[in-house]
Each structure stands twice: as structure tokens, then as C-alpha cells.
Amino acid sequence: MNDSFAVMIIVATIASGIRLATPFLLASLGEALGQRSGVLNLGVDGVMLLGAFGAYYMVLQTNNLYYGLLVGIGLGLIIGLFYAFITLNLRAEQGVSGIGIYLFGLGMSDLLFQKFVGTPRPILPFMPLDIPVLSGLPIVGEMLFQHSIIVYIAFALVPVMSFVLHRTTYGLNIRAIGENPEAADSLGVSVMATRYSAIIIGNGLAGLAGAALAIELGIFQQNLTNAMGFIAIALVYFGAWSPKGVMIGSLVFGLVQAIVLQCKTFGVIPRSASDLAAMAPAIITILALVVVAKRFKQPAALTKPYVRGG
Amino acid sequence: MKSFISLIIPLCAVLLALMIGAIMLLSLGANPISGYVTMFGAAFGSLEGFSETAVKSIPLLLVGVGICIAFRANVINIGGEGQMVMGALLATAVALAFPGLPSLMLIPMVLIAGAVGGAFWGSIAGALKAYFNVSEILSTIMLNIVAVQFMNFLLRGFMIDPAEVARGTGIPQTMRLSENADLPILLEGMRMHLGVVVALLVAVGAYFLLWRTAMGYRLRAVGYNPDASRYAGISVPKNVTSALAFSGAMAGIAGAILVFGSESHRMVTDGGSTGFTGSAGFNGIVVALLAGLHPIWSIPSALLFGGMLVGANALQRAAQVPSALIIALNGLIVVFVVSSEYFKQRFLESGRVDIVDEEDTPAGGSHE
Amino acid sequence: MKKFNLYLSAAFLALILLSPSALLASGKALKVAIIAPSAQNDLAFTQSIVDGIKAIQKDREIELAITDGTFVVEDAAAAIRDYAKKGFDLVLAHGSQYGGSLKEIAPDFPDTAFAWGTSADTFGLANVSSYEAASDEGGYVMGVMAAAMSKKGGVGVVGPIEVGDAKLYVDGFVQGAKAQNAKIRAKVNYIGSFSDVALAAEAARAHMAAGADVLTGTAQMVVGAIGAARAKRVPWFGTQANQTELAPEIVVASQVYKWDVILNKIIADMDAGVKGGKMYKINLANGGIVIEFNDAYKLDASVKEAGMKAIAGIKDGSIKTGHK
């Protein structure tokens with residue numbers, strides 16, 4: 001194997017890892033936002049599935065990928081509104097209601113698919129969008145700047161969300177009500193309105209993650225996400241609720257997946273051990289967290305409904 | 001009055017969800033009334049149906065009881081699926097190793113092996129949380145993935161039925177396990193087997209563990225207020241680990257019972273965990289939380305959920321509706337029932353002073 | 001009480017003997033149930049058996065019940081039992097993971113005919129048939145053509161887990177590719193999942209990056225791999241069903257299962273009073289496996305010829321595929 005081929009393979013592997021990380025990143029960012037405001041949502045995977053189906057169906061009908069993304073986000077926002085109502089107004093237990101949302105999304109997306117589509121039909125996915133100049137750079141160009149637009153959106157959201165969380169009043173409010181809603185309330189921050197917005201936006205991102213997945217793959221089928229939403233929840237804990245941390249977690253998971261795939265392709269990992277190798281992303285994510293061993297603390301008010309004067 | 005409202009409001013929520021389900025059934029061209037008659041008839045309408053329901057409820061109850069223990073110690077265990085798989089694998093290995101032992105020895109052995117396998121898997125997550133500050137939500141989700149791949153590895157490798165290798169068909173399953181390990185049937189000609197009794201005993205045992213032993217007190221104390229517990233000399237890391245070990249043990253027993261009480265009396269994989277567990281590792285969480293994290297109340301909660309699953313399958317066969325509808329409907333029922341809790345509280349509060357139960361949920365858990 | 005039972009059974013016996021339906025049994029609709037793990041229109045494994053029964057329905061009245069999407073093995077077992085209890089004539093357990101349950105259930109219903117697959121084991125029971133597909137044969141043909149097409153000397157396979165039908169197909173493909181070109185780099189990637197579509201897509205991209213310019217794959221998650229191949233216009237060989245619809249530009253040919261070939265035999269046996277005990281296999285020779293070409297794909301005549309030669313060789317026995 002000569003050097004240029006080796007470099008090419010490494011570049012392809014990293015690009016692959018970035019693509020694999022994208023849906024995790026979008027969904028984790030959304031979940032992190034909700035959790036920062038003090039609300040746990042275990043239904044991410046269900047929201048992703050509905051977003052994926054909605055986007056897929058829209059593209060099938062209109063052939064417009066951007067409409068697809070919008071439908072995915074829109075469905076996420078609607079479910080977010082519903083989830084906010086039941087967890088904030090009705091104070092439903094967040095762990096269980098999230099599982100309910102997951103089951104609903106899992107079944108409903110499949111049911112709608114069977115009723116309105118039936119046999120899987122492909123849609124044309126986003127073509128890679130080469131960033132001018134940068135995409136022409138050697139090595140880095142192919143690795144980072146020849147992806148579909150969704151990948152850029154996802155990674156661009158990381159600094160945006162960091163900025164919103166740490167540099168704006170809105171972000172400060174979110175963090176405050178996630179830690180101490182009573183204190184925030186007494187300072188005149190509307191706990192309800194802030195949590196509502198965080199949950200709705202967070203679910204919108206989950207819907208976008210699903211839409212991105214379906215459009216990137218150009219297909220929908222039953223349980224398309226394959227429990228990605230649960231991994232996204234796990235990665236929020238990996239990233240300690242910070243957008244940058246969540247991004248690192250998604251990249252670790254995606255890159256290890258890509259490296260394992262490439263090693264299998266070249267026979268570095270024998271076929272008899274292919275299942276053992278498939279454990280690697282999960283194990284390395286845990287180990288990475290053990291090694292880093294950050295002393296972080298979760299939002300103090302996470303999963304606790306807020307009752308004024310209660 | 002109190003118990004009446006406690007009962008009627010969740011039932012109304014279920015009815016509301018079923019009404020939405022009826023609209024969905026209508027849109028699929030099925031008759032909702034006869035559909036629901038089929039559903040509940042199949043689950044609770046006959047002794048035979050009830051026997052199916054009871055069997056279906058076993059893993060739900062066991063996982064649910066484990067969740068009760070974990071959540072009371074303020075540990076969120078989403079690793080039921082993986083713990084069931086690991087328990088089942090160890091139990092299966094024991095049955096493969098000692099096929100000749102008499103039932104009286106082999107059955108307890110495989111059940112204990114299941115508990116040990118599940119406890120081992122749970123305690124990994126527990127130790128990671130206690131000693132390395134790794135969130136159990138992260139580790140249990142990740143360990144589920146690991147367990148599934150480990151199952152696939154073993155079932156197509158070391159533990160595969162030699163006949164499958166000889167035939168060249170290579171189905172990833174063990175051989176028919178020793179008949180000595182079959183869980184005895186309780187009612188002639190029906191499915192109900194010893195696993196039902198085991199699950200009930202475990203539920204009662206968990207109740208005693210939580211409220212009648214020092215260990216249970218420590219677990220609840222750690223969940224209720226970790227700082228105060230620390231001052232009182234209770235080791236938080238140790239109790240967090242044991243909470244996940246207990247929780248995993250129950251899931252592991254569920255896994256073992258799924259193998260030795262199954263129709264096939266062997267372990268088989270389709271590549272994922274759901275084919276084996278039927279998602280009991282997740283549904284058990286719902287069962288426990290609907291029961292207010294109380295092991296005894298988990299019994300009717302598991303029966304309801306199990307009945308729904310049995311009825312849903314019967315409905316799918318009778319009305320030829322896609323199983324996806326049933327999954328969606330289950331989700332709706334869960335959402336509506338947890339949401340109805342609010343109205344229940346409102347009704348109860350308006351009538352009388354709230355009675356604070358010492359067995360209520362911990363403050364560190366999910367309620368305010 | 002005992003006497004009453006006796007009267008009752010006598011009355012029943014009389015009813016059965018006198019009932020016209022018993023006399024006209026051969027004329028009434030055959031009741032067939034299918035229990036399958038994925039959706040009935042999945043363009044893959046489950047659809048193949050449903051299409052098989054539907055092909056027979058053209059000539060014969062069949063009352064068909066389908067319980068699809070039954071990936072929970074215990075739920076499938078309950079369905080098998082329930083259909084048998086409800087008096088279905090033929091119960092098809094269409095998933096190799098259902099066999100263990102069927103082995104225990106079938107003896108309770110000696111009057112019901114059961115068939116299951118893919119496998120080659122009837123458990124020595126008189127009312128169970130097994131069926132399998134010689135997917136190694138189709139795989140071999142595809143491998144020959146893929147190797148003949150490859151300009152870079154590399155072909156890639158995306159597989160789920162190395163078991164059962166998938167393993168058979170993949171091994172056949174590699175064998176065929178090597179037979180056509182001993183120096184071919186035939187790389188196989190078992191991704192470790194039947195359902196991870198995104199991972200399958202990346203596995204296909206990994207193959208392409210490593211120098212594969214013809215791809216194939218098996219199981220339901222390959223829709224992702226097909227999409228990735230389509231974006232790079234890399235030719236694809238399909239299996240289990242005709243996958244042309246998924247990517248008309250790149251699908252060269254598909255190995256298609258025609259289960260009606262053996263279902264007809266099973267039903268004919270049932271008419272003659274035989275409920276099972278036989279093992280069936282569809283293959284190229286008996287027409288149960290068909291290689292369907294995509295007419296829209298401009299295939300080099302020499303490649304097609306190599307494929308046809310392989311088909312002929314397998315049919316006449318001069319080419320041996322598989323493990324035995």
C-alpha cells in the first residue's frame with residue numbers, strides 16, 4: 001500500500017465519520033438544549049423517525065429537498081409543543097412520557113409509510129456541496145469541505161448554540177431555570193415560556209436530525225433510525241450539556257464507527273470478530289469519558305417539574 | 001373515593017387513547033368495536049388468554065421491579081435490554097454445560113445464573129457512575145449495544161447449535177436446551193409456567209428489601225438525599241452500584257425466564273435485542289413508573305401492559321391491521337396515562353388534605 | 001356426565017360426517033397464514049413469500065392471512081399457535097428464527113401443515129416442511145459478472161451478520177468473483193446489524209474508497225448501500241427481490257426468489273394428504289431462483305455472457321457452489 005493511497009483512505013474514513021456523526025450531533029444538540037432548561041426527553045428517536053418520514057414523503061411528493069427539511073423540523077416543533085404541554089402544564093413524568101413519544105413515533109412513522117408509500121421508493125439525496133476554495137485544498141478539502149449542506153448546518157449550529165447559551169439573555173435564562181427555577185422565577189424569568197421554547201426548539205432539531213438522515217440516505221423504511229435517538233441522548237451526557245462537548249461525543253462515536261468499517265473492509269479485523277468490532281463505538285465512548293473524567297454536574301432541576309410556590 | 005378516582009382517571013386516559021386508536025383503525029378500514037372486543041377478549045376474556053397475558057407480563061414485571069429499586073436510589077437504568085440479554089446468555093451457558101442435572105437443581109441454577117449475568121452487567125454501569133462519574137444513562141445505553149453484539153458473537157460462534165453448522169444453514173441459535181431446565185407448566189395445556197411464580201416472589205421480595213431491610217433503607221436514603229446520606233455514613237458509590245446490580249439481576253432473571261419459558265426453549269438472535277426481549281427492557285420502565293415505583297403495584301401494572309401486548313397481537317391477526325398501529329397506540333396510551341396523573345392529583349387535592357405516603361416517590365427522583 | 005359427553009361426541013361425529021363441507025373439502029378455499037419478520041412489501045425477504053402465495057392465488061382460491069413485522073420471536077410463536085388453532089390449513093413460518101418454536105408447536109397440531117424457512121430441518125415431524133434458497137447459486141452468478149465488470153479489480157460486499165441466507169449469498173458471490181478472476185480483490189464487510197441503514201451506506205462508501213467499482217449486499221439495511229452506490233454511479237447486484245426500482249441507473253441484475261415453485265409442491269402434497277416431512281430448496285435449475293436483469297442498464301455483452309455461462313454451468317452441475 002503506497003502512501004498516497006493510505007492518505008486517501010484516512011481522508012475517506014474521517015469524512016465518513018463526520019457524515020455518521022451528523023444525525024447524532026443534531027439530535028444531541030436539541031436534547032442538550034431541553035435538558036439545560038431542566039427537561040429530559042427520552043422520545044428523541046420517535047421524533048427523529050417522524051421527522052424522517054415527513055421529510056421523505058415531502059420530497060417524494062415535491063422533489064424539493066428543502067421542503068423536506070422544513071417538514072422534518074415542523075413535525076419536530078409540533079411534537080415539541082405537545083411534549084412541552086404534557087410535561088410542563090400537566091407535569092407528566094418525563095421519563096415515561098418520553099418513552100411514550102418514542103413508541104408513538106416508532107409505530108406511527110411505520111404506519112404512515114405503509115399506508116402512503118408501501119414499497120420503499122428512493123428519493124434523490126443532497127449532492128455534496130463543495131465549499132469554494134476550501135474544498136480544493138489537499139486532504140482537508142475532501143475531508144471537511146465536500147459534504148452535503150446538512151453536515152455544514154449541523155456543525156455550524158455548534159458555535160451558534162454556544163453563543164446563544166453563554167452570550168445571550170435567553171441562554172442565561174435557560175441555564176438559570178435548569179439550575180434553580182425558583183430563583184430565576186423570582187427574578188422575573190418566565191420558567192414556563194423559556195422551557196416551552198427550549199423544548200420546542202430541541203424537538204425541532206430532533207425532527208431535523210431525522211429529516212437529515214432520510215434525505216442523506218435517500219430512503220425511508222421501518223425504524224430507519226435504528227435507535228440513534230437513544231445514542232444521541234447518551235452523547236448529551238458525554239458532552240456534559242455543552243454544544244462543544246456534544247460535538248466531540250458525536251465525532252468520537254461516528255469516527256470509531258467509520259474506522260471499524262474501514263478496518264473490516266481491509267480485513268484488518270477478521271470476519272469472525274466482526275460483532276466484537278461493532279462494540280467498539282459504544283465501548284470507546286464510555287472509556288473516553290472515563291479517561292477524561294470531568295467533574296461535571298447535571299442541571300440541578302433536570303426532570304423536576306416546576307410549580308410556582310410549590 | 002380516593003381509590004375510585006385513582007382508578008377511574010387513568011382508565012379514562014386509556015379510553016381516550018383507544019378512541020384515537022379507533023379513528024386510526026377506521027382509517028385503515030377495520031371495525032374498531034369488534035377490534036377492541038377481540039383485543040380485550042384475547043387478553044383477559046378466557047383463562048387461556050389470561051395465561052398468555054401472565055406469561056407476557058413476567059419480563060415486564062421483573063424489569064419493572066428492578067427499575068423500582070434503581071429509580072428509588074435515584075439511578076436511571078435504561079439498560080434493561082442489555083441486562084436481560086446478558087442474564088439469558090449466562091443462564092443458557094449453564095444449561096448447555098450441565099444438561100444432565102435434575103430439574104430441581106438445574107432450574108434454580110439457571111435462574112441464579114440469569115440474575116448473576118444481569119447483575120454483573122448492571123454493576124458495570126453502577127461502578128462507572130459511582131467511581132468514574134460516568135452517567136448511567138450514557139453507560140446503560142452503550143452497554144445495551146455491547147450486549148447485543150456479544151449475543152450475536154456467541155450465538156453464531158461458541159454457542160451455536162452444532163446441527164446448524166453441520167447442515168450449513170448457520171441459523172444463529174443454540175440447540176434445544178435440556179428439558180430438565182424447562183420451566184414447569186402450571187396449568188395443563190396452557191402457557192402459564194413457573195416463571196409467573198418466580199416473578200411474583202421477586203416482586204414481594206423487592207418490597208421487603210426496600211422497606212424492611214437496612215440495605216433497602218440505605219438505597220432509598222441515597223436516592224432521597226445523597227448529601228445527608230453521606231453525612232450519616234452511608235457509602236453513596238457502594239449503594240449506587242448495588243442499586244444497579246439489583247436492577248440488573250431482576251432483568252437478568254427476566255432474560256433467563258424468557259429462554260426457559262419460551263416456546264422454543266433455546267436462545268436465538270435476529271441481530272437485535274428486541275427480537276428476544278420484545279422491548280421489555282424499555283416497557284418495564286413504563287410499568288414501574290405507572291406503578292409509582294412500587295414493586296407490588298407493579299404487578300397489576302405489568303398485567304395491564306402485558307394484556308395490551310397480547311391483545312394487540314390478537315387484533316393484528318384478527319383484523320389484519322399492521323403491527324405498527326399497535327406500537328403507536330401503546331405509545332399514546334403511555335403518554336395519556338402519565339398525563340392523566342395531573343388530573344388525578346387535582347381531583348384528590350380538591351377533596352381532602354393530601355395523604356403523604358411513606359412509600360411515595362423519592363424527592364431526588366422524578367416528582368417534585 | 002360421562003354419558004352426556006358421549007352423546008355430544010356422537011352428535012359431533014355425525015355432523016362432521018354429514019356436513020357437505022367435509023365432502024367438498026377439496027373444493028373449498030385453502031386457508032394459508034404467513035408469519036414474517038419484516039413488512040410484506042419490503043422489496044426483500046418477506047415480500048418474496050407473499051408474492052409466492054399471490055402467484056398461486058391466480059389459479060386457486062386461497063384465503064390468505066398475513067402477520068408481518070413480527071420480529072419478536074415469542075410473538076411469532078403465539079401467532080403460529082393461534083393460526084393452527086383457528087384451523088388454517090397451511091401455516092408458513094417465514095423466518096429462520098421461528099424454527100425452534102415451530103418444532104415445539106407443530107406436534108400439538110397434527111392436522112395442520114407447517115412450513116418454515118429458510119432452513120433444511122423438518123425436525124423429523126410429518127407435518128413440517130422446510131424450505132431454503134440456494135442463494136449461493138445466484139451469488140455465484142453475480143460474483144462472476146461483477147468480477148468481469150470490474151475495471152479496478154475490486155468488488156465489495158455489504159453484509160449484516162455472518163449467518164444463514166446472508167452468509168450463503170456472500171460466500172457464493174466471493175466464490176464466483178474469484179472463479180472469474182483469481183486476482184480479484186473481493187472484500188466483505190459484515191456491519192453487525194440487519195437494520196442500520198446509515199452504517200450500510202458508509203460501508204458501501206468504504207468499499208468504493210478502497211477501490212471497489214462493483215458492489216452487492218444482502219438484508220434489509222442495504223437500501224442505504226444502494227443509495228451510496230447510486231450517488232457514485234457504481235453498479236449494484238441485488239438479491240432476495242428485484243431491486244431495480246431502488247436505483248434504476250445502477251442495478252445490473254437481481255437474484256429473485258420464486259417461492260411459488262415449492263409452495264405449489266407443498267400444496268399439491270396437502271391435496272394428496274401429505275402434510276410435510278419434506279425439505280425443499282429453490283435453485284436455478286428448478287426455476288425457484290431467477291436472475292432478473294435490468295433492461296435499462298447497458299450491460300456489456302461479454303459480461304452477460306459470462307453470467308449466462310455460469311447459470312448454465314450451475315444448472316448442469318459442472319459448477320459447484322456452496323459448502324457441500
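Scope of the values below: all heavy atoms of this structure, side chains included, with no hydrogens, waters or symmetry mates. The chains referred to below are lettered A, B, ... by the order of the sequence lines, with proteins before strands, and numbering in each begins at 1.
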| field | Structural part of C/Ile161 lying under 4.5 Å from a heavy atom of chain A | value | side chain

| field | Contact leader toward chain A among C/Lys187, C/Glu202, C/Arg185, where contacts are heavy-atom pairs under 4.5 Å | value | C/Glu202

| note | Of all heavy-atom pairs linking C/Ala201 and A/Leu217, the shortest is CB-CD2, 3.6 Å

| What pair of heavy atoms forms the shortest contact from C/Arg230 to A/Ile123, and how long is it? | NH1-O, 3.9 Å

| query | Can you say whether C/Ser38 sits under 4.5 Å from chain A via the side chain, the backbone, both, or neither, judging by heavy atoms? | reply | neither

| task | Quick one: closest heavy-atom pair of A/Asn226 and C/Ser195, and the distance? | result | OD1-OG, 2.9 Å

| Contact origin within A/Met228 toward chain C - heavy atom pairs under 4.5 Å | side chain

| Max heavy-atom pair count under 4.5 Å with chain A, selected residue of C/Val157, C/Asp196, C/Ile191 | C/Asp196

| field | Over all atoms of both residues, closest heavy-atom pair of A/Gln114 and C/Ala39 | value | NE2-CB, 4.4 Å

| Can you tell me if A/Thr265 and C/Asn189 form a side-chain donor-acceptor pair at under 3.5 Å? | yes

| remark: So, the part of C/Phe71 with a heavy atom under 4.5 Å from chain A: the answer is side chain

| query | Counting N and O atoms only, with roles assigned by atom type, does the side chain of C/Gln220 sit under 3.5 Å from a partner on the main chain of A/Gln222, one being a donor and the other an acceptor? | reply | no

| request: Could you pull out the closest heavy-atom pair between C/Tyr190 and A/Lys264, with the gap in Å? | output: O-NZ, 2.9 Å

| request: Assess whether atom OH of A/Tyr67 is packed by more than 12 heavy atoms of other residues, nucleotides or ligands within 6.0 Å. | output: no

| For A/Ala12, is it the side chain, the backbone, both or neither that has a heavy atom under 4.5 Å from a heavy atom of chain C? | side chain

| said: I need the residue from C/Gln47, C/Arg205, C/Glu245 with the largest number of non-hydrogen atom pairs under 4.5 Å to chain A. | reply: C/Arg205

| request: Name the option with the most non-hydrogen atom pairs under 4.5 Å to chain C; the candidates are A/Pro120, A/Pro23, A/Gly17. | output: A/Pro120

| Partner of A/Thr119 under side chain to side chain contact (heavy atoms under 4.5 Å, CB included), chosen from C/Asp42, C/Leu246, C/Asn41 | C/Asn41

| query | If you count heavy-atom pairs under 4.5 Å with chain A, which of C/Ala203, C/Gly224, C/Ala210 comes out on top? | reply | C/Ala210

